[in-house]
Structure formats: C-alpha cells, structure tokens
Amino acid sequence: MRYLISTVETYRVDSEHEANTIIEEAKETGDLTKYSCVYKEKKQKGEVVDSWYKVTLTKTFTDEKEPERNVHVSYEG
C-alpha cells in the first residue's frame, strides 16, 4: 500500500492579498501544517524591475507511523 504523507506547494503571486487568500483557502482544508510568505524583488542595475510574493504551503494528510487515510492529489495546469 502507498500512502501520501505530505506535500509542499510553492506559489508565486503578484500581491499580498493574493498570498493571504491562498493561505486562508489552504487553512480551510484542515491539512495545512506550515506556511510562509516572502516578498521577493528582482533588481537590475540597482533598480527594482519585478516584485512578487513566494507562498510555501506544507500539507500533511496522514501520520507516517500509522497512516489512517489514503489520499490522491491531482494537479491541473
């Protein structure tokens, strides 16, 4: 038997509002165990040419030692 224990999802979004929305949606599922949000900038010749937020979500689905449920995750492009 194969059990999915956890996943780490990383997103790039344009605004802090979008970042907070992703985090709040993930909290509603009940699987979110850790998250982070980091503001990033790309500089060229000392000037900011691009900026974004990097959101990282860690979702845990079952205990590694005693798995209780089998989860199938689907990602759409």
Side-chain angles (χ1 to χ4, degrees):
M1 182 60 83
R2 185 184 304 184
Y3 293 95
L4 178 61
I5 305 299
S6 66
T7 63
V8 176
E9 300 175 0
T10 305
Y11 296 93
R12 175 188 165 142
V13 295
D14 293 329
S15 70
E16 187 175 7
H17 175 72
E18 288 178 285
N20 289 331
T21 300
I22 289 175
I23 292 168
E24 291 304 316
E25 288 174 355
K27 284 180 179 179
E28 291 175 6
T29 66
D31 298 324
L32 186 66
T33 53
K34 185 169 77 169
Y35 64 89
S36 69
C37 178
V38 179
Y39 178 73
K40 299 279 197 165
E41 292 180 339
K42 178 181 177 185
K43 294 183 179 181
Q44 194 171 41
K45 296 183 181 179
E47 293 185 34
V48 177
V49 294
D50 195 10
S51 63
W52 65 92
Y53 288 84
K54 178 181 172 183
V55 179
T56 305
L57 309 173
T58 302
K59 298 179 180 179
T60 302
F61 303 107
T62 192
D63 183 56
E64 181 179 357
K65 294 179 182 176
E66 296 181 25
E68 297 175 353
R69 64 181 180 150
N70 198 349
V71 177
H72 299 281
V73 177
S74 176
Y75 293 97
E76 298 178 22

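These numbers come from the heavy atoms of this one structure, side chains and all, not from hydrogens, waters or symmetry mates.
- Taking all atoms of both residues into account, the shortest heavy-atom contact from Glu64 to Ile5 is CA-CD1, 3.7 Å.
- Side-chain atoms of Lys42 and Trp52, non-hydrogen and from C-beta on, do get closer than 4.5 Å to each other.
- You'll find the side chain of Leu32 reaches within 4.5 Å of the side chain of Leu57, heavy atoms only.
- Lys34 NZ to Thr60 OG1: the interatomic distance, rounded to the nearest 0.5 Å, is 9.5 Å.
- Other residues, nucleotides and ligands contribute over 12 non-hydrogen atoms within 6.0 Å of the CD atom of Glu41.
- In this view, Thr56 and Val8, Thr10, Ser36, Lys54 satisfy the side-chain contact (heavy atoms from CB on, under 4.5 Å) rule, not counting sequence neighbours.
- Taking all atoms of both residues into account, the shortest heavy-atom contact from Phe61 to Ser6 is CD1-CA, 4.1 Å.
- Residues Asp50 and Arg12 approach most closely at OD2-NH2, 2.8 Å, considering heavy atoms.
- For the pair Asn70 and Met1, the tightest heavy-atom approach, listed with the atom from each and the gap, is ND2-SD, 3.5 Å.
- Minimum heavy-atom separation, Tyr39 to Ser51: OH-CB, 3.2 Å.
- At a threshold of 4.5 Å between non-hydrogen side-chain atoms, the residues Tyr35 and Lys27 count as touching.
- Among Ile22, Thr21, Asp14, the single residue meeting the side-chain contact (heavy atoms from CB on, under 4.5 Å) criterion with Glu18 is Asp14.
- Judged purely by atom type and a 3.5 angstrom limit, Thr62 uses its side chain to pair as donor or acceptor with the backbone of Glu68.
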Worked check of side chain to side chain contact (heavy atoms under 4.5 Å, CB included) between Val55 and Ile23: CA-CA 8 Å; Val55 179; Ile23 292 168; 3.9 Å; yes
